[in-house]
Amino acid sequence: MKRALVLFAHGARAASWAAPFERLRDLTAARLPDCAVRLAFLELMEPRLPEAVAELVAEGVEEVTVVPVFLGQGGHLLRDLPLLADGLRAAHPGLRVNVTGAVGEDPGVLAAMTDYCVKSVASSE
């Protein structure tokens with residue numbers, strides 16, 4: 001089964017905003033050589049999630065995991081993303097769509113962010 005991972009970010013007007021997400025995509029893709037890894041956005045940037053998934057389906061992908069690269073489960077993840085996921089399932093009936101929680105709510109991510117914050121105080125002394 002051909003699988004894909006889509007990193008789902010909000011999007012912004014400034015193109016430079018996407019740079020860390022592009023690096024995350026590239027680092028993730030390097031660790032998952034047998035999995036298509038894409039970056040998609042909710043708004044303001046391209047590709048949007050439906051277009052990114054349609055491209056993956058055209059490439060033969062049968063299962064997509066969407067990872068919201070958000071710090072928490074706000075309105076976009078509680079309301080918008082479930083609607084988008086339902087739309088993906090309706091548009092691509094044979095596609096398995098999995099949606100994870102917000103990356104920022106993972107204990108390991110929180111620990112890494114805490115380490116960064118603590119290190120920033122220590123380095124300013």
Side-chain angles (χ1 to χ4, degrees):
M1 175 186 305
K2 192 167 179 186
R3 300 180 328 169
L5 173 66
V6 178
L7 304 175
F8 179 65
H10 185 275
R13 286 179 180 81
S16 61
W17 176 90
F21 298 95
E22 292 165 347
R23 286 192 303 274
L24 177 62
R25 177 203 55 213
D26 295 346
L27 291 166
T28 303
R31 294 191 47 194
L32 294 170
D34 296 327
C35 182
V37 178
R38 299 287 195 282
L39 178 58
F41 302 96
L42 174 66
E43 57 189 14
L44 304 172
M45 299 183 115
E46 300 293 332
R48 303 281 176 88
L49 184 59
E51 291 76 22
V53 171
E55 181 180 301
L56 290 165
V57 169
E59 294 172 12
V61 167
E62 299 169 15
E63 180 177 353
V64 172
T65 299
V66 178
V67 175
V69 191
F70 286 66
L71 287 180
Q73 298 281 352
H76 288 313
L77 298 189
L78 294 173
R79 288 186 304 275
D80 300 331
L81 184 53
L83 291 173
L84 285 167
D86 288 344
L88 295 173
R89 291 180 186 104
H92 310 286
L95 180 68
R96 288 184 50 196
V97 178
N98 309 305
V99 179
T100 71
V103 71
E105 294 184 351
D106 177 82
V109 173
L110 286 173
M113 291 170 62
T114 301
D115 290 346
Y116 178 85
C117 293
V118 168
K119 183 177 73 173
S120 71
V121 170
S123 67
S124 67
E125 294 176 357

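Values below: every heavy atom of this structure, side chains too, minus hydrogens, waters and symmetry copies.
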Same apolar cluster: [X] and [Y], side chain cutoff 4.5 Å:
X: L49; Y: L77; value: yes
X: L27; Y: V66; value: no
X: L39; Y: V103; value: yes
X: L56; Y: L84; value: yes
X: V69; Y: V6; value: no

query = Are E55 and R38 close enough for a salt bridge, meaning some N to O gap below 4.0 Å?
reply =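 Result for this pair is yes, salt bridge flagged.
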
salt_bridge(R13, E43) N-O dist < 4.0 Å =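 Answer for the salt bridge query: no.
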
request  = Check the surroundings of atom CG in L71: do more than 12 heavy atoms from other residues, nucleotides or ligands lie under 6.0 Å from it?
outcome  =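 Counting neighbours around CG of L71, 12 or fewer heavy atoms of other residues, nucleotides or ligands fall under 6.0 Å, so no.
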
ask   = Take atom CZ in R48; do more than 12 heavy atoms of anything else shown fall under 6.0 Å from it?
value =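 Atom CZ in R48 is packed in, count exceeds 12.
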
Is any side-chain heavy atom of [X] less than 4.5 Å from a side-chain heavy atom of [Y]?
X: V109; Y: M113; value: yes
X: H10; Y: H76; value: yes
X: K2; Y: E59; value: yes
X: V67; Y: F8; value: no
X: E105; Y: F70; value: no
X: L95; Y: V64; value: yes

Give me the atom names and distance for the closest heavy-atom approach of [X] to [Y].
X: L5; Y: C35; result: N-SG, 3.7 Å
X: G11; Y: L44; result: O-CD1, 4.0 Å
X: V61; Y: R3; result: CG1-C, 4.2 Å
X: W17; Y: M45; result: CE3-SD, 3.6 Å
X: P68; Y: G101; result: CD-O, 3.5 Å

ask   = Checking side-chain contact (heavy atoms from CB on, under 4.5 Å) against T65, which of V97, V99, T100 comes through?
value =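 Looking at V97, V99, T100, the match for T65 under the side-chain contact (heavy atoms from CB on, under 4.5 Å) is T100.
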
ask   = How many angstroms lie between atom CG of L81 and atom CD of Q73, to the nearest 0.5 angstrom?
value =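 Atom-to-atom, L81:CG and Q73:CD are 8.5 Å apart.
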
key: Pair R23-D26, salt bridge (charged side-chain N to carboxylate O under 4.0 Å, His left out): steps then yes or no   = CA-CA 5 Å; R23 286 192 303 274; D26 295 346; over 6 Å; no

